[in-house]
Amino acid sequence: MAEILDWLTGRGLSACDDPGLLDAAYDRDERYAGTALIALTLNHDDPLVVLPRIRCGLRSGRPQTRANALQCLGHLARLHGLVDAGSLGLLHRALRNHTPVDCRYRIHGYADSAADDIATFAARRQLPRWLRRSRPGPRSRHGH
């Protein structure tokens, strides 16, 4: 990682690919931990390394970090077709969470997008009934 990570301003965090750096940022309750989580999700090859860090972000006290973690859950489903039961439980709660993230968006909006991505890209057999019933998932090639 050539660029210096600046946790105060968020500069350089889009290059974060080290799970240990993100863990330390969570421990310090860094404002831009969610930005680093997005980078880790997109840059790390092993989704099983990323998933526990997404769950940690979903439990954050910072709404922006939770929103970023929900985005990551959708990205992980798109990239790897993978999701886990713990993340799905946190997603289910987030779908009913009306906490504002900024003046235009709320947690449940991010959760709704993540649920759509998961229903489309993760194996249907991995999904709980509540998600399979609420989201149609991908359409078959034959229109059925």
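Atom set for the values below is all heavy atoms of this structure, side chains included, hydrogens, waters and symmetry mates excluded.
Residues Asp84 and Ser87 have side chains that bring a donor and an acceptor to within less than 3.5 angstrom of each other. In this structure, a donor-acceptor pair under 3.5 Å is absent between the side chains of Asp116 and Ser113.
Scanning all heavy atoms of the two residues, the minimum distance from Leu13 to Ala39 falls at O-CB, 3.3 Å. What you find for Pro47 and Leu82 is that their closest heavy atoms are CB-CD2, 3.5 Å. Considering every non-hydrogen atom in both Ala122 and Val83, the closest pair reads CB-CG1, 4.2 Å. Counting all heavy atoms, side chain and backbone alike, His80 lies closest to Asp45 at CE1-O, 3.9 Å. Summarising the geometry of Leu88 relative to Trp130, their closest heavy-atom pair is O-CZ2, 3.5 Å, with the distance given to 0.1 Å. Across all non-hydrogen atoms, the minimal contact from Arg132 to Arg124 is O-NH2, 3.2 Å.
Here the side chains of Asp117 and Leu76 are not in contact, with every heavy-atom distance at 4.5 Å or above. At a threshold of 4.5 Å between non-hydrogen side-chain atoms, the residues Leu70 and Leu91 count as touching. Proximity of Arg28 to Trp7: side-chain heavy atoms (C-beta onward) are separated by under 4.5 Å at one or more points. Counting only heavy atoms from C-beta outward, the side chains of Leu90 and Leu73 never approach each other to under 4.5 Å. Looking at heavy atoms from C-beta onward, Asn97 lies out of side-chain contact with Arg106 at the 4.5 angstrom threshold. At a threshold of 4.5 Å between non-hydrogen side-chain atoms, the residues Arg53 and Leu22 count as touching. In this structure, the side chains of Asn43 and Cys16 stay at 4.5 Å or more apart for every pair of heavy atoms. A 4.5 Å side-chain heavy-atom check between Thr35 and Ile38 finds every atom pair outside the cut-off.
Clustering ILVMFWY residues whenever any of their side-chain heavy atoms sit less than 4.5 angstrom apart, transitively, puts Leu131 in the very cluster that holds Leu58. Transitive grouping of hydrophobic side chains (ILVMFWY, heavy atoms separated by less than 4.5 Å) keeps Leu8 and Tyr32 in distinct clusters. When the side chains of ILVMFWY residues are joined at heavy-atom separations under 4.5 Å, either directly or via intervening members, Leu95 and Val101 end up in a single hydrophobic cluster.
Using a cut-off of 4.0 Å between Lys/Arg side-chain N and Asp/Glu carboxylate O, Arg135 and Asp112 are scored as salt-bridged.
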Q. How far apart are the C-alpha atoms of His108 and Arg96, what are their side-chain angles, what is the distance that settles it, and do they pass the side chain to side chain contact (heavy atoms under 4.5 Å, CB included) test?
A. CA-CA 6 Å; His108 69 88; Arg96 297 180 305 272; over 6 Å; no
Q.
Quick one, Tyr26 with Leu37, criterion side chain to side chain contact (heavy atoms under 4.5 Å, CB included). Give me CA distance, side-chain angles, the key distance, then yes/no.
A. CA-CA 10 Å; Tyr26 280 148; Leu37 176 60; 3.3 Å; yes
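Put simply, the side chain of His44 gets close to the backbone of Asp46: a donor and an acceptor are under 3.5 Å apart.
For the atom pair CD1 (Ile54) and CZ (Arg66), the distance works out to 15.5 Å, reported to the nearest 0.5 Å. A distance of 11.0 Å separates CD of Gln64 from OH of Tyr105, quoted to the nearest 0.5 Å. In this structure, the separation between OG on Ser14 and CG on Leu40 is 12.5 Å, given to the nearest 0.5 Å. Atom OG1 of residue Thr120 and atom CZ of residue Arg78 lie 7.5 Å apart, to the nearest 0.5 angstrom. Note: Asp23 CG to Cys56 SG = 7.5 Å, rounded to the nearest 0.5 Å.
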